[in-house]
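When a residue number appears, it is its place in the shown sequence, counting from 1.
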Amino acid sequence: MSPIDHIKTFADELTALRRDLHAHPELGFEEVRTSGIVADLLETFGCEVHRGIGGTGVVGLLKGRTDNGRRIGLRADMDALPMDEETNLPYRSTYPGKMHACGHDGHTTMLVGAARYLAETRNFDGTAVFVFQPAEEGRGGARAMLKDGLFEKFPCDEIYGLHNQPGGHGRIKLRPGPVMAAADFFDIHIRGTGAHAAQPHGGNDPIIIATGLAQALQSIVSRNADPLKSIVLSITRIEAGTAYNVIPETAHLAGTIRTFDKEIRALAGTRMRAIAAGFAAAYGAEVKVEIHDMFSVLENAPEQAAAATAVATELLGAANVEPNAVPKMGSEDFADMAQVVPAAYVWLGSNPGPGLHNASYNFDDSIIPIGSAFLARMVESRTAA
């Protein structure tokens, strides 16, 4: 029986788990219920379980038939997003302002499925290391686990992860080298002088500064960065004012910068501060820039990418594997683990539908056996190396 067929024998249980997690989403470092369910399940499979790694993270260890010293890590993220769900699903989020809109409920379930399969079959040598990570969505969960000694306490020779991608059902995409972009989040705080809206000359309008600055920052992309090197700068929040007839004292811009190149990344920060300083001088206002290093570039190690390609091809056939996929400007904090341990990260296609981070998104349960089987086969194939 193939791994996918074996996992299909308990796919209904996995689907029920995924939908329960979907109905009870938890934000980064708040995954108490989720991590508790995961830890309890791993224990029932016979894993050695460690809780509270990096806050709410969980690590499970499972021994194979023999101990050949090989230790293969598998990682899944557990956190939800701070947004309201706009579906009519029977298992829609029961927590206002929280939603699994990126499929981490599915990723967690797939890793649980892989752990169960490996525990039932034991068709591997060495040790499988199951890493359930908190706080992937911009809150530094991978770095928290690393700071807590993840790979010192639970050494891995290599580690693998995956992410769902609406479209291309049952296809796996990956590439060696850079896979996903680095990301800096930024906040720009503007302080002017408040005034009556009918007497703007009596104040220093921070909204005028904010809107001009939001447009000027795009010159970093169009006029400062090498056009052959990718960069995306997005303003995602503009906040100011509370009344129709009051010019406010302050305004706030926030957003993200995505890059693959270290020099372009540094250039973006330097130019952002210089442009902000110019606006401050021109308008006689205070403009403070804060740039936060959130994600590193995610890079797949060549050997591990080749191994993942081989496993995906074995499971799904060459027609359903794209081994040289186009990199994505999105970011993923698995990148920090991949800087410490050789790693590979793949995208698993699902049925078409609303995209990731969309209030109408819903994870495709039909890909759970595929994802679980892929992760499990990485352990089976790489412990035999």
*Asks:* Which pair of non-hydrogen atoms, one from Ile367 and one from Met110, has the smallest distance, and what is that distance?
*Replies:*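 Smallest interatomic distance, heavy atoms only, reads O-SD, 3.8 Å.
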*Asks:* Any side-chain donor-acceptor pair under 3.5 Å between Glu31 and Thr56?
*Replies:*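 Looking only at side-chain atoms, Thr56 and Glu31 do form a donor-acceptor pair, the distance falling under 3.5 Å.
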*Asks:* Kindly determine whether His24 and Thr94 satisfy side chain to side chain contact (heavy atoms under 4.5 Å, CB included), including the steps that lead there.
*Replies:* CA-CA 6 Å; His24 302 91; Thr94 58; 3.8 Å; yes
*Asks:* Any Lys/Arg nitrogen of Lys98 or Glu30 sitting under 4.0 Å from an Asp/Glu carboxylate oxygen of the other?
*Replies:*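 Salt bridge present between Lys98 and Glu30.
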*Asks:* Can a salt bridge be assigned to the pair Lys153 and Asp148 using a cut-off of 4.0 Å between side-chain N and carboxylate O?
*Replies:*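 Yes, charged N to carboxylate O under 4.0 Å.
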*Asks:* Can you tell me if His201 and Gln199 form a side-chain donor-acceptor pair at under 3.5 Å?
*Replies:*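 Their side chains do not contain a donor-acceptor pair, so the 3.5 Å distance test is not met.
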*Asks:* Less than 4.5 Å apart, any side-chain heavy atom of Glu249 and any of Pro206?
*Replies:*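 Counting from C-beta outward, Glu249 and Pro206 never come under 4.5 Å.
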*Asks:* Salt bridge or not for Asp40 and Arg51, using N-O below 4.0 Å?
*Replies:*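 Result for this pair is yes, salt bridge flagged.
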*Asks:* Do Tyr361 and Asn164 have side-chain N/O donor and acceptor atoms under 3.5 Å apart?
*Replies:*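 Short answer, yes.
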*Asks:* If hydrophobic clusters are built from ILVMFWY residues whose side chains come within less than 4.5 Å, do Val341 and Met180 share one?
*Replies:*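 Yes: a chain of side-chain contacts under 4.5 Å links Val341 to Met180.
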*Asks:* Hey, mind stepping through His100 and Glu85 against side-chain hydrogen bond (donor to acceptor under 3.5 Å, both in side chains) and telling me if it holds?
*Replies:* CA-CA 8 Å; His100 271 298; Glu85 181 167 351; over 6 Å; no
*Asks:* Is NZ or CZ of Arg116 both nearer than 6.0 Å to the six-membered ring centre of Phe10 and within 45° of the ring axis?
*Replies:*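 The answer is yes, since Arg116 meets both limits relative to Phe10.
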*Asks:* Any chance you could lay out the side chain to side chain contact (heavy atoms under 4.5 Å, CB included) test for Asp77 and Phe334, step after step, and finish with the verdict?
*Replies:* CA-CA 9 Å; Asp77 37 19; Phe334 183 65; over 6 Å; no
*Asks:* Less than 4.0 Å between a side-chain N and a carboxylate O, is that true for Asp365 and Arg19?
*Replies:*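 Salt bridge present between Arg19 and Asp365.
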*Asks:* Considering all heavy atoms of both residues, which atom of Asn204 and which atom of Ala285 are nearest to each other, and what is their separation?
*Replies:*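 Looking at all heavy atoms of both residues, the closest pair is ND2-CB, 3.9 Å.
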*Asks:* Under a 3.5 Å threshold, yes or no: a donor from one side chain and an acceptor from the other, between Asp336 and Ser296?
*Replies:*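 Short answer, yes.
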*Asks:* In terms of side-chain heavy atoms, does Arg175 have a donor or acceptor partner in Asn324 at a distance below 3.5 Å?
*Replies:*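 Asn324 and Arg175 do not have a side-chain donor-acceptor pair below 3.5 Å.
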*Asks:* Quick check: are there more than 12 heavy atoms from other residues, nucleotides or ligands sitting under 6.0 Å from CG of Asn88?
*Replies:*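 At most 12 heavy atoms, drawn from other residues, nucleotides or ligands, come within 6.0 Å of this atom.
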*Asks:* Determine the minimum heavy-atom distance between Ala115 and Leu42, stating which atoms define it.
*Replies:*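 Scanning both residues, the minimum pair turns out to be CB-CD2, 3.7 Å.
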*Asks:* Taking all heavy atoms of Ala76 and all of His107, pick out the closest pair and write down the distance.
*Replies:*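 Shortest heavy-atom contact: CB-O, 3.4 Å.
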*Asks:* Can we say Asp364 and Arg18 salt-bridge, meaning some charged N sits less than 4.0 Å from an Asp/Glu carboxylate O?
*Replies:*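 So Asp364 does not pair with Arg18 through a salt bridge.
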*Asks:* Does a side chain donor of either Tyr91 or Asn362 reach within less than 3.5 Å of an acceptor in the other side chain?
*Replies:*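 Note: Tyr91 and Asn362 side chains meet the donor-acceptor criterion.
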*Asks:* For residues Thr15 and Asp12, is any side-chain donor paired with an opposing acceptor at under 3.5 Å?
*Replies:*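 The answer is no; no qualifying pair exists.
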*Asks:* Which is it for His6 and Glu120 under the side-chain hydrogen bond (donor to acceptor under 3.5 Å, both in side chains) test, yes or no, and what are the steps along the way?
*Replies:* CA-CA 10 Å; His6 183 114; Glu120 290 180 354; 2.8 Å; yes
*Asks:* Show your reasoning for whether side chain to side chain contact (heavy atoms under 4.5 Å, CB included) applies to Lys328 and Val179.
*Replies:* CA-CA 6 Å; Lys328 295 182 182 297; Val179 180; over 6 Å; no
*Asks:* Membership question, hydrophobic clusters at under 4.5 Å side-chain separation (ILVMFWY): are Leu111 and Phe154 in the same one?
*Replies:*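 The answer is no; the residues belong to distinct hydrophobic clusters.
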*Asks:* Is there a path of hydrophobic side-chain contacts, each under 4.5 Å between heavy atoms of I, L, V, M, F, W or Y residues, that connects Leu348 with Tyr160?
*Replies:*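 Same cluster.
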*Asks:* Starting from Leu298, can I reach Met337 by hopping between I/L/V/M/F/W/Y residues whose side chains sit under 4.5 Å apart?
*Replies:*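 Yes, Met337 and Leu298 fall within the same hydrophobic cluster.
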*Asks:* Would the number of heavy atoms belonging to other residues, nucleotides or ligands and lying under 6.0 Å from CG of Asn245 be above 12?
*Replies:*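 Correct, the count exceeds 12.
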*Asks:* Salt bridge check, Asp157 against Arg71: does any charged N sit closer than 4.0 Å to a carboxylate O?
*Replies:*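 Salt bridge flag = no for Asp157 with Arg71.
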*Asks:* Under 4.5 Å between side-chain heavy atoms, hopping through other hydrophobics if needed: is there a path connecting Leu233 to Val297?
*Replies:*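 Shared cluster, no.
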*Asks:* Hey, is Arg33 close enough to Glu26 for a salt bridge, meaning N to O under 4.0 Å?
*Replies:*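 No salt bridge links Arg33 with Glu26.
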*Asks:* Closest approach of Arg75 and Ile159, non-hydrogen atoms and distance?
*Replies:*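 Closest heavy-atom pair between Arg75 and Ile159: CB-CD1, 4.0 Å.
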*Asks:* Would you call Arg273-Glu290 a salt bridge at under 4.0 Å N-O?
*Replies:*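 Looking at Arg273 and Glu290, the cut-off is not met.
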*Asks:* Taking the side chain as C-beta and beyond, is there a heavy-atom pair between Phe132 and Ser35 under 4.5 Å?
*Replies:*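 The answer is no; the side chains never approach within 4.5 Å.
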*Asks:* Apply the test side-chain hydrogen bond (donor to acceptor under 3.5 Å, both in side chains) to residues Thr256 and Arg258: give CA-CA distance (whole Å), side-chain angles for both, the deciding distance (0.1 Å), then the verdict.
*Replies:* CA-CA 7 Å; Thr256 179; Arg258 311 281 175 149; 3.0 Å; yes
*Asks:* Once rounded to the nearest 0.5 Å, what's the spacing between atom CZ of Phe124 and atom CE of Met378?
*Replies:*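 Interatomic distance, Phe124 CZ to Met378 CE, rounded to 0.5 Å: 14.0 Å.
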*Asks:* Can a side-chain donor-acceptor contact be found between Glu86 and Ser360 if the only test is distance below 3.5 angstrom?
*Replies:*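 Checked: Ser360/Glu86 side chains show no N/O donor-acceptor pair below 3.5 Å.
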*Asks:* If you compare all heavy atoms of Ala182 against all heavy atoms of Arg265, which two are closest, and at what distance to 0.1 Å?
*Replies:*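 Closest approach of Ala182 to Arg265: CB-NH1, 3.5 Å.
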*Asks:* Less than 4.0 Å between a side-chain N and a carboxylate O, is that true for Glu286 and Lys288?
*Replies:*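 Between Glu286 and Lys288 there is no salt bridge, as every charged N stays at least 4.0 Å from the carboxylate O atoms.
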*Asks:* Have His292 and Asp184 got a donor and an acceptor in their side chains that come within less than 3.5 Å?
*Replies:*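 No pair is found: no donor N or O on one side chain lies under 3.5 Å from an acceptor on the other.
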*Asks:* Please determine whether side chain to side chain contact (heavy atoms under 4.5 Å, CB included) holds for the pair Ser372 and Tyr117, giving the CA-CA distance in whole Å, both sets of side-chain angles, and the decisive distance to 0.1 Å.
*Replies:* CA-CA 8 Å; Ser372 293; Tyr117 165 84; over 6 Å; no
*Asks:* Please report the C-alpha distance between Asp79 and Gln133 in whole Å, then the side-chain angles of each, then the deciding distance to 0.1 Å, and finally whether the side-chain hydrogen bond (donor to acceptor under 3.5 Å, both in side chains) criterion is met.
*Replies:* CA-CA 8 Å; Asp79 57 322; Gln133 181 205 306; 5.8 Å; no
